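The chain is numbered in sequence order, starting from 1. Only this structure's heavy atoms are used, side chains among them; waters, hydrogens and symmetry mates stay out. Nothing here was measured: the structure is a model prediction, and the numbers come from that model.
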Amino acid sequence: MTAPSATARATLAALLLAGPALAGLAGVPLPATSSAWAADSARYVEGMGDVPVMPGLAPAEEAPLVFDKPAGRIAQSVMAGAMDRNAVLSFYNQTMPQLGWSRAPQRAGGSASFLREGEELRLEFVEPAPAAARKAAATVVRFSLIPR
């Protein structure tokens, strides 16, 4: 069996994000309007293809880092939002397995890792930069995609 293409995975991600959010089943805070939600649902973490951005997270002030090596992609992006760390973990624990990622054993510091097809996606919670702290961004997540 071959793995679905990146386009198929991205389409599946959009559908998966729409279902629970519209039904209110995800336990994730929903944006105030459906148009705001629609804008959020089509976003993916920059440089990581089909890794969806949780509604409420936005790119932090750092530019994403992306390398494409023969051994695989290396990408890093930082997102921030005024939400609880557990809500972020819950969203990605529910979403990523449906995109073909499997959860790796728990990492130190409450971080999470997912594995798929020779790649590892790490979600690490970092202290907000002073500018982000002033904007009340309660949670800062570093997404790292590395070959495995």
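- Judged as a side-chain contact (heavy atoms from CB on, under 4.5 Å), and not counting sequence neighbours, the contacts of Phe67 are Leu65, Ile74.
- For Arg148, there are no side chain to side chain donor-acceptor pair (under 3.5 Å) partners, not counting sequence neighbours.
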**Report entry** Criterion side chain to side chain contact (heavy atoms under 4.5 Å, CB included) on Glu127 and Val140, from CA distance to verdict
**Finding:** CA-CA 7 Å; Glu127 291 296 318; Val140 179; over 6 Å; no
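- Applying the side-chain contact (heavy atoms from CB on, under 4.5 Å) criterion to Ala104, with sequence neighbours excluded, gives Ser113, Leu115.
- Pairing each heavy atom of Pro52 with each of Leu99, the nearest pair is CD-CD1, 3.8 Å.
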Report task. Please test Arg122 against Glu120 for side chain to side chain contact (heavy atoms under 4.5 Å, CB included), starting from the C-alpha separation and ending with a verdict. Result -> CA-CA 6 Å; Arg122 294 181 183 165; Glu120 180 176 356; 3.2 Å; yes
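- Counting only distance, with no hydrogens or angles, the side chain of Tyr92 and the backbone of Leu123 share no donor-acceptor pair below 3.5 Å.
- Between Arg116 and Ser102 the shortest side-chain heavy-atom distance does not fall below 4.5 Å.
- Counting only distance, with no hydrogens or angles, the side chain of Arg85 and the backbone of Val141 share no donor-acceptor pair below 3.5 Å.
- The distance between the ring centers of Phe143 and Tyr44 does not fall below 6.0 angstrom.
- In this view, Ser111 satisfies the side chain to side chain donor-acceptor pair (under 3.5 Å) rule with no residue, not counting sequence neighbours.
- In this structure, Leu121 is not a member of the same hydrophobic cluster as Ile146, with clusters built from ILVMFWY side-chain heavy atoms closer than 4.5 Å.
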Query - Intermediate values then yes/no, side chain to side chain contact (heavy atoms under 4.5 Å, CB included), Leu145 and Gln76 - result: CA-CA 6 Å; Leu145 183 66; Gln76 189 174 78; over 6 Å; no
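- The backbone N or O of Asn86 lies less than 3.5 Å from no partner atom in the side chain of Ser90, so there is not a single donor-acceptor pair.
- Considering only residues two or more places apart in sequence or on other chains, Glu119 meets the salt bridge (Lys or Arg N to Asp or Glu O under 4.0 Å) condition with Arg73.
- Listed by first then second residue, pairs satisfying salt bridge (charged side-chain N to carboxylate O under 4.0 Å, His left out) with a partner in residues 86-102 number zero, not counting sequence neighbours.
- Separation of atoms OG (Ser144) and CD (Glu124) is listed at 5.0 Å; rounding is to 0.5 Å.
- By the side-chain contact (heavy atoms from CB on, under 4.5 Å) test, Val66 is found to be paired with Ala75, residues two or more places apart in sequence or in another chain being considered.
- Among residues two or more places apart in sequence or in another chain, the side-chain contact (heavy atoms from CB on, under 4.5 Å) test is passed with Pro59 by Arg43, Met79.
- By the ring pair (Phe, Tyr, Trp, His ring centres under 6.0 Å) test, Phe114 pairs with no residue at all, sequence neighbours left out.
- The side chain to side chain donor-acceptor pair (under 3.5 Å) check on Glu46 picks up nothing, with sequence neighbours excluded.
- Pairing each heavy atom of Ala71 with each of Pro147, the nearest pair is O-CB, 3.4 Å.
- Counting heavy atoms from C-beta outward, Phe125 and Val88 have side chains that approach closer than 4.5 Å.
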